[in-house]
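Reading through the structure tokens given below for one structure.
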Protein chains: 2
Amino acid sequence: MPTSSPSPEPLPSRRIAETLRAAIENGELSPGDRLPSERSLAEQYGAARNTAREAIRILAEQGLVIAEHGRGVFVRERKRLLRFGSDRYSLKNRETGLTPFRLEAARQGRTARIEVLGITREEPPEDVAERLGVPTGIAGVVHRENHYFADDEPVQIVSTYLKWEEAQGTPLMEPRSGPHGIYGRLEELGHVMTRGRDEITARMPSPHESALLRLPPGVPVLEVLHTSFDQNAEPFEVSRYVHRADRAGLLYELPVEQAES
Amino acid sequence: MPTSSPSPEPLPSRRIAETLRAAIENGELSPGDRLPSERSLAEQYGAARNTAREAIRILAEQGLVIAEHGRGVFVRERKRLLRFGSDRYSLKNRETGLTPFRLEAARQGRTARIEVLGITREEPPEDVAERLGVPTGIAGVVHRENHYFADDEPVQIVSTYLKWEEAQGTPLMEPRSGPHGIYGRLEELGHVMTRGRDEITARMPSPHESALLRLPPGVPVLEVLHTSFDQNAEPFEVSRYVHRADRAGLLYELPVEQAES
DNA sequence: TAGTGGTCTAGACCACATC
DNA sequence: ATGTGGTCTAGACCACTAC
């Protein structure tokens with residue numbers, strides 16, 4: 001009897017991983033449940049501990065489980081996502097007096113906290129310089145760095161860049177920039193946001209981001225590079241949002257222009 | 001002389017990884033260059049091969065390098081991103097006669113290929129059913145699955161869901177759905193897209209997606225769940241786009257509504 | 001104190017790429 | 001034939017958690 005296909009006898013580590021994956025997906029193991037220990041998996045499958053460990057690594061890479069030092073390996077919870085996006089800059093949110101982040105956190109019954117990391121004059125990163133229309137190589141921008149927490153869990157890092165020549169000596173250099181935040185001050189400087197552009201990418205975090213966001217392995221980040229344009233179609237503000245992708249998503253509402261009759 | 005901080009003597013694997021990371025970032029190692037082999041790294045640092053291997057794994061997880069069986073470990077190229085987003089549904093692109101994907105590929109001098117995987121009547125996934133406003137548990141939708149390639153490299157997987165009662169017996173069940181694609185047919189059925197919603201998340205790929213997109217380890221996917229609404233604010237189409245995040249990004253242009261005077 | 005994951009060593013064999 | 005990454009074994013010690 002010829003085997004219908006080569007069926008190359010899966011590797012031990014894959015086999016263990018697949019068995020566990022199936023158990024998770026059919027509900028035998030529920031979110032929060034502990035997996036058997038590496039040592040007991042190894043014994044159970046007649047393998048070395050490193051092999052069981054490799055199986056766990058595969059599942060962790062897929063975001064299915066999370067290892068906790070000294071406690072065990074657990075099936076991941078799938079928490080509801082905080083959602084940000086096209087209404088992050090919407091004027092109608094202004095009336096609530098809440099920033100979009102606080103609004104979204106409140107909507108989900110979570111506590112919001114915002115930490116101002118620093119407001120410094122700097123040389124802009126290349127991608128920011130390009131979009132803001134300032135030269136690179138000189139300290140031509142103000143960099144405001146904020147960290148956002150929901151239920152004291154870090155959720156996003158935001159770096160806002162403004163032109164130094166404009167921000168210099170204004171409340172834009174202060175942690176609390178006044179009514180309606182920096183957009184309020186920028187309007188007073190003659191910049192009304194009439195158009196925005198969001199460029200979205202996903203990638204694995206740098207070690208720095210990994211530490212700041214306290215990211216477990218296998219969780220990517222969503223990066224949004226936002227550019228604000230004023231009534232003269234001039235860019236006047238660029239922000240980089242880095243979200244942990246397992247806790248935050250993006251929502252864009254798109255009006256579709258109609259064909260002229 | 002007291003050490004200014006505990007400075008807990010970094011782990012060998014981290015130390016090797018950091019040295020290589022620095023070499024990559026300062027340009028000593030350029031994209032495409034081969035790293036020293038695992039065995040020679042181990043010898044060089046007086047470590048076991050598994051330790052050098054772990055260092056490579058750390059870099060691969062960060063997307064900095066890619067291991068190729070039998071050839072070596074290479075610094076990743078940073079290719080320019082294909083960009084999709086708010087104009088994916090824009091009417092003005094219709095006039096070019098090109099689909100948004102072909103347009104973007106052409107813009108970057110890459111060849112586009114689209115493969116129709118299947119058009120089948122199915123039971124919708126829960127998230128799709130919810131958004132399309134159809135019941136789950138019955139085969140109430142048509143699922144069109146397409147794969148998109150740039151230079152014969154798989155870039156995105158698109159699953160489009162339509163209501164079966166509407167698509168039944170129409171060109172919407174055909175691979176080539178006619179002028180202006182499915183949106184042309186849907187307009188003839190009385191659905192003019194007046195609004196769209198894109199819900200964006202990032203995550204690590206499932207093994208299935210990993211295989212379809214031929215993803216190297218450590219590359220996340222960008223998922224866009226799109227819903228189209230017609231002139232009566234009824235949802236009439238839902239599509240799920242799964243992009244490989246190292247080759248595709250998203251671009252959203254946001255008009256900002258002005259406050260009334 | 002016992003059990004867990006985190007890391008490391010020192011070997012081994014296999015599969016793939018190159019010449 | 002040689003060198004590469006991919007996987008595995010069988011041990012060891014450490015750091016963290018729970019009791």
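Chain letters run A, B, ... following the sequence lines, proteins first, then strands; residues in each count from 1.
Distances were taken from every side-chain heavy atom of A:Arg49 (C-beta onward) to each of C:dC16, D:dA12, C:dA12; the shortest belongs to D:dA12. Of the listed nucleotides (C:dT9, C:dT7, D:dT7), C:dT9 has the atom at the smallest distance from the side chain of B:Ala48. Proximity note for B:Glu54 (side chain, C-beta onward) versus D:dG6, D:dC8, C:dC8: the nearest is C:dC8.
At C:dT9, one or more side-chain N or O atoms of B:Thr51 fall inside 4.0 Å of OP1 or OP2 (strictly under the cut-off). The shortest distance between the side-chain N/O atoms of B:Ser37 and the OP1/OP2 oxygens of D:dG3 is not below 4.0 Å. Contact between the side-chain N/O atoms of B:Arg53 and the OP1/OP2 oxygens of D:dG5 is not found at any separation under 4.0 Å. Contact annotation: B:Arg71 side-chain N/O to C:dT18 OP1/OP2 distance is under 4.0 Å.
The residue B:Arg57 sits apart from the nucleic acid: no heavy atom pair falls under 4.0 Å.
Shortest non-hydrogen contact noted between B:Pro216 and B:Ile66 is CB-CD1, 3.2 Å.
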I'd like to know whether A:Phe84 forms a side chain to side chain contact (heavy atoms under 4.5 Å, CB included) with A:Val224, so could you lay out the CA-CA distance, the side-chain angles of the two residues, the decisive distance to 0.1 Å, and finally the verdict.
CA-CA 10 Å; A:Phe84 309 103; A:Val224 179; over 6 Å; no
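In terms of position along DNA chain D, the nucleotide closest to B:Arg34 lies nearer the 5' end than the nucleotide closest to the other residue of the pair B:Asn50 and B:Arg34. Comparing A:Glu68 and A:Arg39 by the nucleotide of DNA chain D whose heavy atom lies nearest to each, the residue mapping closer to the 5' end is A:Arg39.
Atom CG in A:Leu11 sits roughly 12 Å away from atom P in D:dG6 (whole-Å rounding). Going from atom CD of A:Glu38 over to atom C1' of D:dC16 covers 14 Å, rounded to whole Å. Counting to the nearest Å, the P atom of C:dT7 and the CD1 atom of A:Ile56 are 14 Å from each other.
Annotation: the span from A:Ile157 atom CD1 to A:His243 atom NE2 amounts to 10.5 Å, rounded to 0.5 Å.
Look at B:Arg39 and B:Glu43 and you find no salt bridge, because none of the NZ, NE, NH1 or NH2 atoms lies under 4.0 Å from a carboxylate O.
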